[in-house]
Structure formats: structure tokens, C-alpha cells
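The next block holds one structure in the form of C-alpha cells; read it before the comments.
To find a chain, count down the sequence lines: A is the first, B the second, and so on, and within it residues start at 1. These numbers come from the heavy atoms of this one structure, side chains and all, not from hydrogens, waters or symmetry mates.
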Amino acid sequence: GAVVSQHPSWVICKSGTSVKIECRSLDFQATTMFWYRQFPKQSLMLMATSNEGSKATYEQGVEKDKFLINHASLTLSTLTVTSAHPEDSSFYICSARGSSYEQYFGPGTRLTVT
Amino acid sequence: QKEVEQDPGPLSVPEGAIVSLNCTYSNSAFQYFMWYRQYSRKGPELLMYTYSSGNKEDGRFTAQVDKSSKYISLFIRDSQPSDSATYLCAFLTGANSKLTFGKGITLSVRP
């Protein structure tokens, strides 16, 4: 299957700072990328959908000014958590879709805000 | 009625057992059917995907789709401890739509 990477895999930051998470499709061009967050023992919650070169579409209840998404190229999308607070601590996972319907997920990024 | 229902589990089986995981759905618009496996603290891994009714086999895994009855199943033969993970069924209404997930079932295969 296709490979999606995320960086960093784990990040700790102080409350009030911003954190950027990168998502890359390594062996295919991702026309669409998705960002999810997952709390322990819960299913994935879609935060936003981004298409290359377009503004991201956010799910209801997700603050777009807090979670900035940039899909600058067909292989890279970034999620920036601005002014992070402890309640933003979570597991963030991206997925990517190429020319077909299958979605491939990255390994996830664990964010801890102290 | 929920759009997707998946047995909540958890499920514990001995090594070598045949495992059957099931999801039912109510949305007739679902056209694409997938199973993901997620290990603890990792992203989901796409195991099986199909858009047609019937069976699809890949090694020890068989995905079954019955559109008329609106259920999908994943069978794991000769289960191994390495199969211990959470399994999520997932659906798409169209190739460009958002995934709808089941809640996931945690499988434990005992050595």
C-alpha cells in the first residue's frame, strides 16, 4: 500500500505556543488530505479536509483559526495548532487520498501541551 | 438507527482461531467498503477495500460485502498474536467523499 509519513511522531509544548505537524505522501500524489484527532479508546474524529492549492474545509465545531491547515503541494499538508492549550492534547492523524478512493493514514502525532 | 453499527467487543480468541468481525449499515448510498487495522498509538492501516458485493481474499484475510443485507464482514483465518489490534470498518458514499467509520472492535489473540 501507499505510504504516508508524519512528523514529528511526538511533541511536547508549553501552553500558549504553536505547534506544526507535517503530513507527507511518500510514493503517490495526494489530491486530498484529511486531518483527524483521536482521544484514547475512541474512534477517529475528522477535523478538516484539504485539497491541494485550496482552502481547507473544516468540520462543524472545529476552530479554523486555531487549527491552521495548509496543503501547499501534492505531497505535503501541514496542521498548525496555534496557542495550544492542555485540552488540545491528543493524537493527531492525517490521511491522504490519491487518484483512487482508498485513503492511507499516517502513523500519527501525539501532542502533549503542558 | 445509527448509520454504522459495529460489535463493540472486546473480543478475545486463542491463537489459530477463525475471527469474524462484522458491521451493519443503514446508508444505501455507501458504495465503497473498507477495513482498517489500528495498533495502539499508531495510525490506521488499510487492510481490505472493495466496492462490490461478494468476497475478496488477501492471505489470511477475507472481506465480505452483502449490499442487499447491508452488512460487511472481515474474516481472519489462523489468527496470530500479531493480529491483536482494533479493527475499524469504514465506508464511502463516493470516491471523493469522507470516510464514515464504525466505532471499532478490539481483538486480542492469546498465544
Side-chain angles (χ1 to χ4, degrees), chain A residues 1-10 21 23-26 28 30-52 54 56-60 62 79 90-112, chain B residues 2-11 21 23 25 27 29-52 56 58-59 61 63 65 72 84-108:
Chain A
V3 180
V4 176
S5 71
Q6 275 184 249
H7 178 80
S9 57
W10 186 29
I21 302 170
C23 176
R24 292 180 186 274
S25 56
L26 298 186
F28 69 103
T31 52
T32 307
M33 286 185 166
F34 304 85
W35 286 95
Y36 296 81
R37 68 188 294 183
Q38 186 176 36
F39 292 105
K41 298 190 186 300
Q42 293 189 25
S43 193
L44 297 93
M45 184 188 80
L46 180 65
M47 299 175 66
T49 302
S50 73
N51 292 295
E52 185 261 340
S54 302
T57 302
Y58 291 81
E59 295 299 301
Q60 193 172 9
V62 177
L79 167 68
S90 189
F91 193 50
Y92 292 88
I93 314 173
C94 71
S95 71
R97 182 175 67 207
S99 57
S100 186
Y101 64 90
E102 305 97 74
Q103 281 188 35
Y104 297 92
F105 284 82
T109 296
R110 187 161 304 280
L111 170 63
T112 300
Chain B
K2 290 184 180 177
E3 198 170 32
V4 177
E5 304 251 21
Q6 183 172 7
D7 293 339
L11 182 62
L21 307 174
C23 285
Y25 62 95
N27 190 344
F30 286 149
Q31 298 182 48
Y32 301 91
F33 310 91
M34 281 145 282
W35 284 95
Y36 285 89
R37 175 176 64 192
Q38 187 176 22
Y39 291 112
S40 181
R41 298 173 182 259
K42 296 290 184 184
E45 171 193 0
L46 182 60
L47 272 182
M48 304 284 286
Y49 56 94
T50 184
Y51 59 86
S52 57
K56 181 177 181 180
D58 184 1
F61 298 90
V65 174
I72 67 172
S84 299
T86 296
Y87 290 80
L88 299 140
C89 56
F91 304 81
L92 290 170
T93 56
N96 296 318
S97 67
K98 298 178 286 190
L99 280 170
T100 299
F101 285 100
K103 287 195 177 297
I105 183 170
T106 298
L107 170 67
S108 175

Carefully, step by step, assess A/Gln103 and B/Leu46 under the rule side chain to side chain contact (heavy atoms under 4.5 Å, CB included).
CA-CA 8 Å; A/Gln103 281 188 35; B/Leu46 182 60; over 6 Å; no
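Proximity to chain B (any heavy atom under 4.5 Å) is shown, for A/Thr32, by neither the backbone nor the side chain. Proximity to chain A (any heavy atom under 4.5 Å) is restricted, for B/Ser97, to the backbone atoms N, CA, C and O. With a threshold of 4.5 angstrom between heavy atoms, B/Thr50 approaches chain A through N, CA, C or O but not through any side-chain atom.
Between A/Tyr36 and B/Phe101 there is a side-chain heavy-atom pair separated by less than 4.5 Å. The closest side-chain heavy-atom distance from B/Arg41 to A/Arg110 is below 4.5 Å. Between A/Gln38 and B/Gln38 the shortest side-chain heavy-atom distance falls below 4.5 Å.
With rounding to the nearest 0.5 angstrom, the OG1 atom of A/Thr57 is 8.5 Å from the NZ atom of B/Lys98. Interatomic distance, CD of B/Glu45 versus CZ of A/Phe105, reported as 12.0 Å (0.5 Å rounding).
Listed options B/Pro44, B/Ala90, B/Gly104 were ranked by heavy-atom pairs under 4.5 angstrom with chain A; first place goes to B/Pro44.
Residues B/Lys42 and A/Phe91 come closest through the heavy atom pair O-CE2, 3.6 Å.
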Do any side-chain atoms of residues 39-47 of chain A form donor-acceptor pairs under 3.5 angstrom with protein atoms, and if so which ones, sequence neighbours left out?
residue : atom : partner  : partner atom : Å
A/Ser43 : OG   : B/Gly102 : O            : 3.4

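The aromatic rings of A/Tyr101 and B/Tyr51 stand perpendicular to each other, their planes meeting at an angle above 60°, with 30° marking the opposite boundary.
Using a distance-only test at 3.5 Å, with no hydrogens or angles considered, a donor-acceptor pair links the side chain of A/Arg97 to the main chain of B/Ala95.
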